[in-house]
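To start, the structure itself, in structure tokens.
Every chain is numbered from 1 and lettered A, B, ... according to where its sequence line falls, protein lines coming before strand lines.
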There are 2 protein chains.
Amino acid sequence: MISARGHARPEPQARRSSGRPAIPLDVIVDRALQIVDEEGADALSMRVLAQRLDSGTATLYRHFTGRAELIAQIVDRVFGEAALGADEEAPTSWQQACQAAATAMFAALNRHQKVAPLLAEQVPIGPNAMALRERCLAMLIDSGFPPPLAARAYATLARYVLGFAIQFSTQGAADGRDHTEQSALFRNCDPSQFPATVAVADVLPVPLDEEFIFGLELLIAGLSQLRDGG
Amino acid sequence: MISARGHARPEPQARRSSGRPAIPLDVIVDRALQIVDEEGADALSMRVLAQRLDSGTATLYRHFTGRAELIAQIVDRVFGEAALGADEEAPTSWQQACQAAATAMFAALNRHQKVAPLLAEQVPIGPNAMALRERCLAMLIDSGFPPPLAARAYATLARYVLGFAIQFSTQGAADGRDHTEQSALFRNCDPSQFPATVAVADVLPVPLDEEFIFGLELLIAGLSQLRDGG
DNA sequence: ACCTGAACACCGTTCAAGT
DNA sequence: ACCTGAACACCGTTCAAGT
């Protein structure tokens with residue numbers, strides 16, 4: 001309330017007329033991620049993004065060379081969240097560290113379910129993605145993994161997380177098929193044609209995070225054997 | 001050459017004028033897959049597909065309710081190839097059967113590298129995908145896996161393959177970054193900022209199929225332990 | 001200097017009109 | 001009955017013209 005109407009600038013934050021208060025890049029990426037979260041990746045067009053920012057499409061091309069770069073920044077923001085999540089715990093073993101990192105990435109992609117398909121469009125080389133990869137690889141090497149094994153371990157874990165995260169984007173999506181609906185679909189198969197499918201559908205739905213942990217522990221257990229001289 | 005000019009129909013196979021020789025659905029899907037293979041998923045538009053078939057976009061909507069259904073059929077065709085590949089070997093253990101199935105799917109997606117992102121758009125429920133899942137689940141249950149374990153095992157393997165296959169679509173793609181170029185990119189990182197990344201990049205590139213087998217064997221070894229009472 | 005409306009060449013989808 | 005041109009409401013991207 002201090003000097004609320006003191007040396008006020010003309011039009012404190014009016015409707016973004018023709019001044020130069022360029023929109024900060026963070027705000028653009030925030031809004032873009034928001035659109036993806038709320039309405040899906042298909043809903044993110046340069047036009048609607050510009051509109052949400054009270055701007056024009058041409059203005060966006062001042063910040064990004066094109067849609068691909070915008071998407072790269074959205075993806076890297078999610079990697080940033082994953083890095084934060086992985087930091088929360090102080091692991092005492094490389095097994096715990098791997099589990100924490102993979103789970104943090106999984107959680108970040110869970111929070112932003114519609115982002116996963118965007119990961120398929122390009123190899124993540126944003127700063128947050130680079131930092132996260134470096135941290136994981138360094139941790140593995142420090143834990144006694146020879147570099148070739150560390151490389152394979154990281155690649156395997158990363159792709160496992162990605163494969164799982166993609167499942168998010170097809171659940172509760174536009175086609176309205178979520179995880180439990182999907183198991184209902186399998187349960188209603190012709191039992192004479194698909195007996196095994198029906199049998200496991202009866203035992204489903206398994207929560208997705210439980211399915212994720214299941215395979216993650218398999219991989220980590222396998223890595224343990226390899227490292228300790230399998 | 002028998003009666004080559006006998007009771008010839010008018011215009012043997014001329015330029016698809018206004019007759020009713022409806023284009024067989026297989027041909028449409030063939031052509032669509034061909035476009036995806038050759039020019040990428042983005043190049044597959046209803047317009048260019050119609051053009052390649054000497055037809056119009058509206059005609060396509062007689063065979064498919066929309067683009068989504070066309071894509072579903074393309075995806076299921078690839079599952080069909082995977083099923084054929086898995087059939088080629090007569091496995092003697094569930095471990096071999098899992099390896100064969102996952103490898104066949106991997107190989108099919110390798111042959112059709114640009115198809116992988118399409119898998120992210122919907123849960124595969126085409127006939128070939130259903131049949132492959134049924135076969136795998138039945139094989140696991142027959143091998144003594146309790147249904148809940150079989151369900152998790154299948155989900156884990158399926159998502160692992162998908163996560164790996166997606167990597168295909170980003171290599172050699174429009175951005176011209178392939179697997180070896182990518183490792184070169186990592187090798188050229190700032191070594192003081194990314195020492196571990198540079199260290200493993202020196203030891204790369206690992207062929208993608210070797211990376212794939214590495215994690216696959218980890219998963220199968222882990223499943224063995226679980227089933228035989230871990 | 002920075003922003004913008006309007007254009008260009010595309011999309012998926014639909015429908016009245018043709019044969 | 002089946003096919004089709006042309007339209008509708010969108011895209012990403014660019015550029016001359018505004019302030």
Side-chain angles (χ1 to χ4, degrees), chain A residues 9-11 13-25 27-29 31-33 35-36 39-75 114 117-118 120-122 173-175, chain B residues 9-11 13-25 27-29 31-33 35-36 38-75 114 117-118 121-122 173-175:
Chain A
R9 304 182 205 88
E11 298 177 355
Q13 60 212 56
R15 46 169 180 71
R16 260 199 64 64
S17 57
S18 62
R20 281 134 288 158
I23 313 150
L25 202 134
V27 174
I28 301 181
V29 179
R31 266 268 191 256
L33 179 53
I35 293 172
V36 173
E39 302 167 58
D42 285 343
L44 178 69
S45 73
M46 302 301 268
R47 278 180 162 81
V48 319
L49 176 56
Q51 201 173 305
R52 290 276 218 293
L53 294 163
D54 284 320
S55 178
T57 56
T59 307
L60 291 175
Y61 284 81
R62 185 161 310 281
H63 301 277
F64 310 102
T65 66
R67 189 176 198 271
E69 198 172 296
L70 169 63
I71 284 173
Q73 303 236 24
I74 296 175
V75 165
K114 313 285 181 53
L118 300 179
E121 290 184 22
Q122 51 205 317
D175 60 339
Chain B
R9 304 182 205 86
E11 298 178 357
Q13 60 211 56
R15 44 164 183 76
R16 259 200 65 63
S17 59
S18 63
R20 281 134 287 158
I23 313 148
L25 202 133
V27 174
I28 302 181
V29 179
R31 267 267 191 259
L33 178 54
I35 294 172
V36 174
E38 290 170 2
E39 301 167 58
D42 285 344
L44 177 68
S45 74
M46 302 300 269
R47 277 181 163 79
V48 318
L49 176 56
Q51 202 173 304
R52 291 276 217 293
L53 293 163
D54 283 321
S55 179
T57 56
T59 307
L60 292 174
Y61 284 81
R62 186 162 309 281
H63 300 278
F64 310 102
T65 66
R67 189 175 198 272
E69 199 173 295
L70 169 64
I71 284 172
Q73 303 236 22
I74 296 175
V75 165
K114 313 285 182 53
L118 300 180
E121 292 185 20
Q122 52 206 315
D175 60 340

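The separation between B/I28 atom CD1 and D/dC3 atom C1' is 13 Å, rounded to whole Å. The CZ atom of A/R67 sits 16 Å away from the P atom of D/dC10 (whole-angstrom rounding). Residue B/L60 contributes atom CG, which lies 13 Å from atom P of C/dC11 at whole-angstrom precision. Separating the OH atom of A/Y61 from the C1' atom of D/dG12 is a distance of 4 Å, rounded to the nearest angstrom. Residue B/E39 contributes atom CD, which lies 16 Å from atom C1' of C/dC11 at whole-angstrom precision. Taking atom CE on A/M46 and atom C1' on C/dC10, their separation rounds to 16 Å, with Å as the unit. Here the P atom of nucleotide C/dC10 and the CD atom of B/Q51 are 10 Å apart, to the nearest Å. B/L44 has its CG atom 11 Å from the P atom of C/dT13, to the nearest Å.
Across all their heavy atoms, A/I74 and A/A32 have their closest contact at CD1-CB, 3.7 Å. Closest approach of B/Q122 and B/A72 over heavy atoms only: NE2-N, 3.6 Å.
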Taking N or O atoms only and anything under 3.5 Å, show me the protein contacts with nucleotides 5-7 of chain D, one pair per line.
unit_1 : atom_1 : unit_2 : atom_2 : d
D/dA7  : N6     : B/R47  : NH2    : 3.3

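How far OH of A/Y61 is from CD of A/E69: 11.0 Å, rounded to the nearest 0.5 Å. We find the CG-OG1 distance between A/D54 and A/T59 to be 11.0 Å, quoted to the nearest 0.5 Å.
No engagement by B/L49 is indicated, since no non-hydrogen atom pair under 4.0 Å with the nucleic acid exists.
Taking only side-chain nitrogens and oxygens, A/R62 never comes nearer than 4.0 Å to OP1 or OP2 of C/dC2. Put simply, A/T59 has no side-chain N or O that comes within less than 4.0 Å of OP1 or OP2 on C/dC3.
By the 4.5 Å heavy-atom criterion applied to side chains, A/L44 and A/L33 are not counted as neighbours.
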Q: Under the side-chain contact (heavy atoms from CB on, under 4.5 Å) rule, what do A/L25 and A/Q73 come out as? Steps first, then yes or no, please.
A: CA-CA 10 Å; A/L25 202 134; A/Q73 303 236 24; 3.5 Å; yes
Q: Report the C-alpha distance between A/L60 and A/S55 in whole Å, list the side-chain angles of each, state the deciding distance to 0.1 Å, and finish with yes or no for side-chain contact (heavy atoms from CB on, under 4.5 Å).
A: CA-CA 8 Å; A/L60 291 175; A/S55 178; 5.6 Å; no
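For A/R52, the side chain to side chain donor-acceptor pair (under 3.5 Å) partners two or more places apart in sequence, or in a different chain, are A/E39.
Around CD of A/Q51, the count of heavy atoms belonging to other residues, nucleotides or ligands within 6.0 Å does not exceed 12.
Helical stems in DNA chain D, defined as runs of 3 or more consecutive Watson-Crick or G-U wobble pairs with both donor-acceptor distances under 3.5 Å, are listed by first residue as C:4-8 with D:12-16, C:12-16 with D:4-8.
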